[in-house]
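These notes are about the structure you will find just below.
When reading the values below, keep in mind they use all heavy atoms of this one structure, side chains included, and skip hydrogens, waters and symmetry mates. Within every chain, numbering begins at 1; the chains are lettered A, B, ... in the order of the sequence lines, protein sequences first and strands thereafter.
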Amino acid sequence: MSDYKKAPDDVKPDHTLDARGLSCPMPLLRTKKEIEKIQSGQILEVLGTDPGSRNDIPGWATRAGHEWIGEKEDDGFFRFYIRKK
Amino acid sequence: MGAFGDKIKENYKAFFQTTWSPMTGGIVIAFLCVFMVAWHRPFGIVGGIRNWADWLFYSIGLFSAWKQPPPHPLYFSSSVIDIGFLAGAWISAVIGKEFAFRVPPVLELIKGFFSGILMGLGAAFAFGCNVGGFYSATQNLAANGLVMFIGLICGVAIGLKYLFWEMEHIPAGPPGPTLLDKKIPPAVGFIAILIMIIAAFAYTNSSKSGADLMAGYLLIGGAIGFVFQRSRFCMVNGFREPFMTGDARMGKAVAISLIIGTLGIAIIKYMGLRPEMLYVTPCFWWGALIGGFIFGMGMVVAGGCGTGSLWRVGEGQVKLIVVATMFALSNSIFRYYFTQTGFLYKLGKPIYLPDYLGYGGSVILITVIMILWYLIIDWNEETNKFVYEI
C-alpha cells in the first residue's frame, strides 16, 4: 500500500460508524456489517484509530465493488468514506 | 542537489512512512528467520515473554519446585529476541508516526484478557505460538508445525464465528483515550536504533560467556520486529480473512514466506551447520492439534497472534498489551504445572520430517502444502466459498 487517497473536503456522509478505539479485525468487521444499513449510492463514513484501517478499509471496499472515496485526518483519528455500490 | 535531496525524501517516505506490502514483509521476514538460525537458533516469541512471567512467579514464591531462578533476561536468547522485537516494532511505529497509546472500549479489554489466557494455554500444548509452534517449527522441518497449522485454521474458523455473534448481540461501547498520538518525534526512533547498536557492541565486548550471541538476537530480533510493524504482517489476518472478506493477500504472503524460510533452514540443517532437532518439539500430533485450535480461537478474539500481539504492543495498542500480558502469565503457569505433573511429556512425540522423508521429501511436502493453501485461498478470493455471511 503506498499513498493514502485523500477524500474531498466537501464530502457529505449519509451515515456514520464510530469504530474509534477498536483494533483489528473489529473496524473492518463492523464496517462490513454497517454498510448493509444504507442504500446503494449513499456514503458511509467510518471513524477509526487503528492505523491498519487505512489499508484494510479501502482494500476491502474496492474488492467488494464499492467506491473508495478516500480518508481524512482528524484530531487523533481518521475518517474513511465509502460509497455503497 | 535538489533532485538528490528529493530522492532521499522519497525513499525515506517509502521505507519508513508507508506500509510495506504483505509479500515484501513476508519475504524479508523469511530471510531474517534464516539469518537467526544461521546465527544460532530459530526465531520464536513465547520463550521470552514466559521468561519474564517466570521471574514474576518465581520471585513471589509461586514456583516452589524451582531450586534455581529462571535465566537472566538480558542473557537469555528468547528474552533478548523479544526485547529486540518489541524495540524494532516500537522504532518502526515511532518513525512512521503510528505510535500512540490507544485505549479501546472495555469490552475489547475483557476480550483481550480472556483471549490472552487462551493463547497462553494453546502455546503450552503446542510448545509455541503461531511462530514457535507453526511458522518457525515448519521452517525447521518439524512435523508438529504442520499439525498446528490444521489446528489454527479450525480455531480461527470458530473464533470468527464468535466475533460475528458478538457483533450482533453486544454493542462496542465508547473507546478510551488515545494518548501521545504523533507526539514522539521520529528522531527518537533513530536514537533508539543507535542505542541498540551500542548494546550489541556491549554484548560482543562482554567477557560474560555467551553474551556475544545476544548481539545477534537483539539486532536480528529488532529487524524482524521492525519489518513486522512496517508491513503490518499478521498471521491472524492470513488465516482469518479467507473466512471474513475473502482477501487472500496476507495468507499468500505467509505461505511464500514460510516456503522461503524452509528452504534456507533446510540447507543449514542439511549441511550440519545447526542441530537437526532445533524447534522439533514433543507435541506430534495431538498437542500441536489441540494447541493450534485453542491458540487459533484466542488469536482471532485477541486481534493478534504471538508476533501480531507484540508488534501491536510496540505500536501502543493497549488491548494487545493486555493480551500479551495474559498470554505470558498464563503460559508460564500452564507450562509450570504441565511440567510438574508430567503432562508436558504426554502431548506427543518430536518428529523430524527428514528422518522419515529425507530432506528433499520434507521440503517438497511443506512446499506442496503451502502451495495448496495458497491456491485454495486464492480461489476462495474469487468464489467466496468459505466466506461467512454477515
Hey, does [Y] have a side-chain heavy atom less than 4.5 Å from the side chain of [X]?
X       : Y        : value
A:Met26 : B:Leu163 : yes
A:Leu28 : B:Met244 : yes
A:Pro51 : B:Gln229 : no

What part of [X] is in contact with chain A, defined as an atom under 4.5 angstrom from a non-hydrogen atom: side chain, backbone, both or neither?
X        : value
B:Glu381 : both
B:Thr178 : side chain
B:Lys111 : side chain

*Where along residues 304-314 of chain B does a heavy atom come under 4.5 Å of chain A, listed by residue number?*
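Counting heavy atoms that sit under 4.5 Å from chain A, the residues of residues 304-314 of chain B involved are B:Arg312.
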*Which of residues 315-326 of chain B get closer than 4.5 angstrom to chain A, counting heavy atoms alone?*
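Residues of residues 315-326 of chain B touching chain A at under 4.5 Å: B:Glu315, B:Gln317, B:Lys319, B:Leu320.
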*Calculate, to the nearest 0.5 Å, the distance between atoms CH2 and CD belonging to A:Trp60 and B:Glu241 respectively.*
11.5 Å
*Out of curiosity, B:Tyr388 OH to A:Lys32 NZ, how far, rounded to the nearest 0.5 Å?*
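Atom-to-atom, B:Tyr388:OH and A:Lys32:NZ are 11.0 Å apart.
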Between [options], who has the most heavy-atom pairs with chain A when the cutoff is under 4.5 Å?
options                               : result
B:Met167, B:Arg102, B:Glu98, B:Glu108 : B:Met167
B:Gly176, B:Pro105, B:Ala302          : B:Pro105
B:Asp181, B:Asn384, B:Thr245          : B:Thr245
B:Glu166, B:Lys13, B:Glu168           : B:Glu168

With a 6.0 Å cut-off (strictly less than), is the heavy-atom count around [atom1] of [X], excluding the residue itself, greater than 12?
X        : atom1 : answer
B:Phe101 : CZ    : no
B:Phe386 : CZ    : no
A:Lys33  : NZ    : yes
B:Phe16  : CZ    : yes
B:Lys385 : NZ    : no

*Can you name the nearest heavy-atom pair linking B:Arg232 to A:Asn55, along with the distance?*
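In terms of heavy atoms, the two residues are closest at CD-ND2, 4.1 Å.
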*Non-hydrogen atoms of B:Pro171 and A:Arg30 that approach each other most closely*: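 Nearest pair, atom of B:Pro171 first, then A:Arg30: C-NH2, 4.3 Å.
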_Residues of residues 61-79 of chain A near chain B, each having a heavy atom less than 4.5 Å away_ = A:Arg63, A:Glu73, A:Gly76
*Output the residues of residues 9-24 of chain A for which the shortest heavy-atom distance to chain B is under 4.5 Å, in residue-number order; output 'none' if no such residue exists.*
A:Arg20, A:Gly21, A:Leu22, A:Ser23, A:Cys24
